[in-house]
Amino acid sequence: HGEETVTPDNPHHPGDPINPNGNPAGPKYTPDQTKVATNHTMTVKYQGADHNPADNVQTSHWTRSVTIDKVTGETISTTPWVSGDHYEVVKTPIVTGYVADQAS
């Protein structure tokens, strides 16, 4: 059996044939097999003051690869999600007349 590895550099779409040249009527990619890149956000939201500081929103990009059997359509292996991004520490701003319960 041949294998196909789905990566952000080699993307595929759910419902497309896994082996379009050898078996176009064969197994199709599933949504989970084609989800190899995603973005996440972390939001620090302040509340409790009359005039709360603005939200601090940070994003990160995550990737993985999925290897699939071209004949059966079964997932052979999936790598862990990884990201080269990291979230910065957010220091709590001072709001006159209020005391924060966390410094960052």
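Throughout, residue positions are numbered sequentially from 1 according to the sequence presented.
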request  = Give the intermediate values and the outcome of side chain to side chain contact (heavy atoms under 4.5 Å, CB included) for residues H40 and Y87.
outcome  = CA-CA 11 Å; H40 292 275; Y87 297 120; 3.9 Å; yes
* Verdict with supporting geometry, E4 and H12, side chain to side chain contact (heavy atoms under 4.5 Å, CB included) -> CA-CA 10 Å; E4 180 69 22; H12 293 281; 3.1 Å; yes
Report the C-alpha separation of V44 and M42 in whole Å, then their side-chain angles, then the decisive distance to 0.1 Å, and conclude whether the side chain to side chain contact (heavy atoms under 4.5 Å, CB included) test is met. CA-CA 7 Å; V44 176; M42 177 190 77; 4.2 Å; yes
Intermediate values then yes/no, side-chain hydrogen bond (donor to acceptor under 3.5 Å, both in side chains), N56 and Y46 = CA-CA 9 Å; N56 179 292; Y46 297 98; over 6 Å; no
For H1 and E3, run side-chain hydrogen bond (donor to acceptor under 3.5 Å, both in side chains): C-alpha distance rounded to whole Å, both residues' side-chain angles, the deciding distance at 0.1 Å, then the answer.
CA-CA 7 Å; H1 293 205; E3 297 176 357; over 6 Å; no
**OP:** Apply the test side chain to side chain contact (heavy atoms under 4.5 Å, CB included) to residues T43 and V57: give CA-CA distance (whole Å), side-chain angles for both, the deciding distance (0.1 Å), then the verdict.
**Re:** CA-CA 4 Å; T43 303; V57 180; 3.9 Å; yes
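Between the side chains of S60 and W62, at least one donor-acceptor pair of N or O atoms lies under 3.5 Å. Remark: the H86 side chain and the Q58 side chain contain no N/O donor-acceptor pair separated by less than 3.5 Å.
Contact detail for T79 and S65: the closest heavy-atom pair is OG1-N, 2.8 Å. Residues P17 and P20 come closest through the heavy atom pair O-CD, 3.6 Å. When all heavy atoms of T38 and W81 are compared, the pair lying nearest together is CG2-CZ3, 3.7 Å. Taking every heavy atom of both residues into account, V95 and A49 meet most closely at CG1-CB, 4.0 Å.
Side-chain contact between V66 and V36: present, with at least one pair of heavy atoms (C-beta onward) separated by less than 4.5 Å. Considering only heavy atoms from C-beta on, T63 comes within 4.5 Å of V82 through its side chain. Looking only at side-chain heavy atoms (C-beta outward), V6 and I68 come within less than 4.5 Å of each other.
Taking CD of E74 as the reference point, atom OG1 of T30 lies at 9.5 Å (rounded to 0.5 Å). Within the model, atoms OG1 of T59 and CG of N39 stand 6.5 Å from one another, a figure rounded to the nearest 0.5 Å.
A distance-only check finds a donor-acceptor pair linking the side chain of Q33 to the backbone of G73 [under 3.5 Å]. In terms of modelled atom types and a separation under 3.5 Å, the side chain of T92 and the main chain of A103 share a donor-acceptor contact. Put simply, the side chain of T75 never gets that close to the backbone of S77: no donor and acceptor are under 3.5 Å apart. With hydrogens and angles disregarded, a donor-acceptor distance shorter than 3.5 Å links the side chain of Y98 to the backbone of D50. Without hydrogens or angle criteria, N10 side chain to T5 main chain gives a donor-acceptor distance under 3.5 Å.
Contacts classified as salt bridge (charged side-chain N to carboxylate O under 4.0 Å, His left out) and involving residues 9-36 (residues at least two apart or in different chains) are given here: D32-R64.
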